[in-house]
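Working notes, structure below.
Chain naming here is simple, since letters A, B, ... match the order of the sequence lines and numbering starts at 1 in each. The structure presented is a predicted model; accordingly, all values stated were derived computationally and were not measured.
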Protein chains: 2
Amino acid sequence: MTDTAPRRRARGQRPPTIIDVAEHAGVSRGTVSRVLQGGHNVSPAARDAVNAAIRKLGYVVNRAARSLVTQRAGCVAFLLSETQDRLFGDPNFTTLLTGCTTALGEHDIPLILITAGTEAERRRVTPFLSTHHVDGVLLISSHRGNPMIDHLRQANLPFVCCGKPLGERGALSYVSSDDHEGARTMVRYLLESGRKRVATITGPLDTPGGLERLQGYRGMLAEHGIAYDERLVAHGDYTRASGDAGMQQLLTAAPDLDAVFVASDLMADGALAAIERAGLRVPDDIAVGGFDDSPVATAVHPPLTTIRQPWTRISEMMVRQLLAQIHGEGPATVILPTELVVRESA
Amino acid sequence: MTDTAPRRRARGQRPPTIIDVAEHAGVSRGTVSRVLQGGHNVSPAARDAVNAAIRKLGYVVNRAARSLVTQRAGCVAFLLSETQDRLFGDPNFTTLLTGCTTALGEHDIPLILITAGTEAERRRVTPFLSTHHVDGVLLISSHRGNPMIDHLRQANLPFVCCGKPLGERGALSYVSSDDHEGARTMVRYLLESGRKRVATITGPLDTPGGLERLQGYRGMLAEHGIAYDERLVAHGDYTRASGDAGMQQLLTAAPDLDAVFVASDLMADGALAAIERAGLRVPDDIAVGGFDDSPVATAVHPPLTTIRQPWTRISEMMVRQLLAQIHGEGPATVILPTELVVRESA
DNA sequence: CTGAAAGCGCTTACAG
DNA sequence: CTGAAAGCGCTTACAG
C-alpha cells in the first residue's frame with residue numbers, strides 16, 4: 001500500500017461522522033450507533049431524531065472504523081481459482097459474477113474480486129485471506145484438488161464453492177445445479193423422441209460436470225435397457241474445438257449414431273460443425289442436445305435443445321449460504337434443478 | 001451491514017499486530033510503521049530487525065486500521081455501468097476485468113466490483129463512492145451520456161474510463177485502443193488485396209467504437225478516391241444477430257459488394273452466416289474483416305482476419321493512470337495501437 | 001534516526 | 001433507554 005500514500009482529504013470535504021449526527025440529533029454517539037445497528041434498545045423519539053439527522057447530513061458509515069472495532073471486514077471475496085483461459089470462452093462466468101455482485105449488493109456487502117489461477121498468485125492471496133481482510137469467500141473452481149480449499153480451511157474462513165468440489169473429504173458448502181438429473185432429462189428426451197443410438201461428448205472427468213453428466217447418461221441408458229457402448233463416448237474439455245474433435249471421433253467409431261448429448265453448449269457448437277462437415281443434417285440425421293443454455297445455444301444453427309442451468313439462482317444461493325456461515329451456521333449443500341429447453345437441434 | 005454482525009474472533013486466533021512486531025524487534029510501534037511505509041528515516045539495523053520480526057510472526061497490516069488513519073480506502077472500484085446483456089456475449093470483458101485485477105494485485109490493491117447498470121443500482125452505489133470507500137474508479141461504459149461520470153466528478157473521485165466517453169466536456173482520463181487507425185488498417189488491407197466494393201457494418205453510433213471505426217472506414221475510402229456510398233453501410237449493435245441482419249441488408253442493397261469490414265468479431269460471425277445462406281463463399285466472393293480478435297475470431301469458419309485490441313495493455317494502462325491520479329497527477333488520454341491479424345476470411 | 005502520544009471513526013460492555 | 005469511556009490497530013507530526 002505504499003502506492004496510495006499522499007494527500008489526505010482536506011478538512012472541509014470530509015464526510016460527516018457519527019459525532020455530527022449525534023450533535024444534530026441531540027443524543028450521544030452510542031445512541032446513534034445503536035440506531036445504525038438496527039435500533040434495538042432505542043426510544044422511538046431518539047430513533048426518529050437520529051434517522052432525520054442521518055438523512056439531513058447524508059451520513060454514511062465509515063466502514064474502516066467499523067471494521068476496526070468489530071474485527072470483521074464487512075466484505076466478501078469472489079475467488080477465481082481457474083486459469084484465465086478456462087473462463088474466456090465461458091459466458092456463464094459473467095452471469096455468475098454479476099449475480100453474486102447483485103445479491104451481495106442487496107445486503108450492502110462489497111465484493112472483492114481475487115484471481116488465484118497460478119501458484120504465484122496463490123502465494124500473494126493467501127496472507128490477505130488468512131488475515132481476515134474478507135469475512136468469507138465465494139470459491140470458483142471446477143477441477144479436482146484445488147489447493148485453495150485447504151488454505152481456506154486452515155484460515156478458518158467461511159467459504160462456499162460453486163459446483164461440487166471433487167475429492168474433498170469433510171463437511172463443506174457448495175451450490176450446484178443438478179448435473180446428474182439434468183443429463184438424465186436430456187437423454188430421456190432423446191430416447192423418447194425415438195432415437196436409438198445416443199452418443200455423448202463429456203466434459204473433463206476431473207470436473208463435477210464432466211463426471212456427473214456422464215453418469216446421468218449411463219444411468220438413463222441402463223434404465224431403458226440399453227447396454228453401455230464405449231464407442232459412443234468421447235471426452236472433451238468444454239472447448240468448442242474439443243466438441244468438434246469429439247464428434248469426429250464418434251462419427252468414425254459409431255457411424256450409426258442418431259443422437260448425441262454434449263456436456264456443454266460450446267462443445268455442442270463444435271459438434272455441429274463436425275456433423276456439417278460430414279454432410280449430415282441436424283436434427284434429421286443426428287439430434288444434438290447441449291447443456292448450459294448459454295448465449296451460444298441460440299447463436300448457432302440450428303438453435304440448441306439444451307439443459308438450462310439456473311445461474312442467477314446459483315449466485316443467490318451461494319451468497320445466502322455464505323452469509324449464513326458467516327453468522328455461524330454450519331456448511332450445507334444446495335442442489336438446484338435444471339430445465340429442459342427444447343429448440344431445433346433435437 | 002447488519003448482516004455481518006455476530007462473533008468477533010477469539011483472542012487466541014487474532015493475527016499479530018504492529019505491537020507484537022515492535023516488541024519482537026525491540027523497537028517502538030512508530031519505527032515498525034516507518035519500515036512498513038518504505039523504511040525512510042530508519043537505521044539499517046532497525047529495519048532488518050523489524051523485517052525479521054514481520055517474517056517470523058507472519059505479520060500482515062490491518063488495512064482497516066491503516067485506512068482509518070490515512071483517510072484512504074486502499075482499494076479501487078471496477079465500475080460496470082452497462083446493462084448486463086451487453087456484457088454477456090462479450091469475451092473482451094473478462095480479459096479486461098482479470099487484467100485490471102492482476103495489474104492492481106501487483107500493487108497489492110484489492111479491486112471491488114460494482115455494477116451500476118440501472119438507476120436503482122446507481123442510487124445505491126453513489127453514496128458508497130462519494131464517501132470515499134474506494135480511492136478511485138475504473139469506469140466501464142461505452143454509451144454516450146453516462147450519469148456516473150457526473151457523480152464521480154462531483155465526488156471528486158479519481159477515475160479513468162475504458163474507451164473514449166462520448167459527449168463529455170472538460171479534462172478526463174481514458175484509455176482506448178486506436179479505433180480510427182485500426183479501421184483504416186483493415187480497410188486499407190481489403191483495398192490492397194484488390195477488393196473494389198468494400199461495405200461496412202458499424203457498431204452503435206453512440207459508442208466510440210461505432211463512431212470511430214466508421215470514420216476510419218470513410219477516411220480510408222476517401223484516400224483511395226472512392227466516393228462514400230450509403231448502400232454499403234449497415235448499422236449493428238455489436239450482437240451476432242445484428243451482424244447477420246446487417247449483412248442481409250447489404251447484400252440486398254449492394255449485391256456487387258466484394259468485401260465487408262465488420263466493427264466486431266461477434267457481428268462478423270453473424271455476417272458469415274448471412275453470406276452462407278446467400279450461397280456465397282468467404283473469402284472468394286466476399287472478404288470479411290472483423291474487429292477485436294476475440295475468441296470467436298478463431299472459433300468461426302473460416303477464421304477471421306481481424307484487428308486485435310490490446311486488452312491486457314489497456315487494463316495495465318488504466319490501472320497505471322488511475323494510480324497516478326490518486327497520487328495527484330492530472331488526467332491523461334492514452335491511445336494504444338491495434339494490430340492486423342490475417343487469417344482466412346480476408 | 002527514534003520514541004511517546006494523539007487521533008482516525010466507530011462499537012460495546014458498563015453503569016445508571 | 002441512555003451516556004461516558006475504553007479500545008480496535010494503525011500513522012504521523014512533534015520533540016529530542
Side-chain angles (χ1 to χ4, degrees), chain A residues 1-11 13-50 54 57 59-74 131-133, chain B residues 1-2 4-11 13-50 53-54 57 59-74 131-133:
Chain A
M1 298 289 0
T2 27
D3 289 282
T4 52
R7 275 208 327 185
R8 48 168 59 193
R9 249 163 290 131
R11 188 88 212 171
Q13 54 177 316
R14 274 218 197 134
T17 73
I18 209 174
I19 297 190
D20 301 315
V21 174
E23 280 176 4
H24 211 87
V27 298
S28 72
R29 284 139 66 207
T31 299
V32 176
S33 184
R34 278 176 217 114
V35 173
L36 255 27
Q37 303 308 312
H40 305 300
N41 294 351
V42 180
S43 67
R47 181 163 43 224
D48 291 349
V50 168
I54 286 176
L57 301 174
Y59 170 79
V60 175
V61 70
N62 179 321
R63 283 163 187 261
R66 170 180 286 174
S67 188
L68 183 57
V69 39
T70 59
Q71 303 279 35
R72 324 183 106 260
T131 47
H132 298 269
H133 282 97
Chain B
M1 299 287 3
T2 26
T4 52
R7 276 211 321 187
R8 46 169 59 195
R9 251 164 287 132
R11 188 88 212 172
Q13 53 176 315
R14 271 212 201 142
T17 72
I18 208 174
I19 297 191
D20 301 315
V21 175
E23 280 176 5
H24 211 87
V27 299
S28 71
R29 284 139 66 207
T31 299
V32 175
S33 184
R34 277 176 216 114
V35 173
L36 256 26
Q37 302 308 311
H40 305 300
N41 295 350
V42 180
S43 68
R47 180 162 45 224
D48 291 348
V50 168
I54 287 176
L57 300 173
Y59 170 79
V60 176
V61 70
N62 179 321
R63 282 163 187 260
R66 170 181 286 174
S67 188
L68 183 56
V69 38
T70 58
Q71 303 279 32
R72 323 183 106 263
T131 47
H132 297 271
H133 282 97

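Between B:Arg34 atom CZ and D:dT11 atom C1' there is a gap of 10 Å when expressed in whole angstrom units. Between B:His132 atom NE2 and C:dG9 atom C1' the separation is 15 Å, expressed in whole Å. Put simply, NE2 on A:His133 is 11 Å from C1' on D:dC10, counting in whole angstrom units. Between B:Arg66 atom CZ and D:dT12 atom P the separation is 9 Å, expressed in whole Å. The separation between A:Gln37 atom CD and D:dC1 atom P is 16 Å, rounded to whole Å. In this structure, A:Ile18 atom CD1 and C:dT11 atom C1' are separated by 8 Å, rounded to whole Å. The interatomic distance linking A:Leu57 (CG) with C:dG9 (C1') rounds to 15 Å, in whole Å. Residue B:Leu36 contributes atom CG, which lies 10 Å from atom C1' of D:dT11 at whole-angstrom precision.
For B:Ala65 against A:Leu68, the heavy-atom pair with the smallest separation is CB-CD1, 3.6 Å.
Listed by chain and residue number, A:Ile19, A:Asp20 satisfy the side-chain contact (heavy atoms from CB on, under 4.5 Å) test with A:Thr17 (two or more places apart in sequence, or in another chain).
Of the side-chain N and O atoms in A:Ser67, none sit less than 4.0 angstrom from OP1 or OP2 of C:dC10. Distances shown here put every side-chain N or O of A:Ser43 at or beyond 4.0 Å from the OP1 or OP2 atom of D:dC1. Put simply, A:Thr31 has a side-chain N or O that comes within less than 4.0 Å of OP1 or OP2 on D:dG3. Close to C:dC10, at under 4.0 Å from its OP1 or OP2, lies no side-chain N or O of A:Asn62. Contact annotation: B:Gln71 side-chain N/O to D:dT11 OP1/OP2 distance is not under 4.0 Å. Under 4.0 angstrom from either OP1 or OP2 of D:dG9 there lies no side-chain N or O belonging to B:Thr17.
Within the model, atoms CG of B:Leu57 and NE2 of B:His24 stand 5.0 Å from one another, a figure rounded to the nearest 0.5 Å. For the atom pair A:Arg29 CZ and A:Leu36 CG, the distance stands at 13.5 Å (nearest 0.5 Å). Note that CD1 of A:Ile18 and CD of A:Glu23 are 12.0 Å apart. Values are rounded to the nearest 0.5 Å.
Side-chain contact between A:Val60 and B:His133: present, with at least one pair of heavy atoms (C-beta onward) separated by less than 4.5 Å.
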Can you give the dot-bracket line for DNA chain D, using ( ) for pairs inside the strand, [ ] for pairs that cross earlier ones, | for pairs with another strand and . for unpaired bases, where Watson-Crick and G-U count if both distances are under 3.5 Å? |||.||||||||.|||
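If you find the closest nucleotide of DNA chain D to B:Ser33 and to A:Asn41, the one lying nearer the 5' end belongs to A:Asn41. Residue-to-nucleotide proximity on DNA chain C shows that, of A:Ile19 and B:Arg29, the 5′-proximal contact is made by B:Arg29.
Comparing D:dG9 with D:dA13, their P atoms sit 23 Å apart, to the nearest whole Å. Rounded to the nearest Å, the gap between the C1' atom of C:dG16 and that of C:dT12 is 16 Å.
Distances were taken from every side-chain heavy atom of B:Leu68 (C-beta onward) to each of D:dC8, D:dG9, D:dT12; the shortest belongs to D:dG9.
Judged purely by atom type and a 3.5 angstrom limit, A:Ser67 uses its side chain to pair as donor or acceptor with the backbone of A:Arg72. B:Thr70 places a side-chain N or O within donor-acceptor distance of the main-chain N or O of B:Arg66, the cut-off being under 3.5 Å.
For A:Arg63 and C:dG9, a side-chain-to-base donor-acceptor distance below 3.5 Å is absent, hydrogens and geometry of angles not being considered.
Within 4.0 Å (heavy atoms only), A:Ala64 reaches no atom of the nucleic acid at all.
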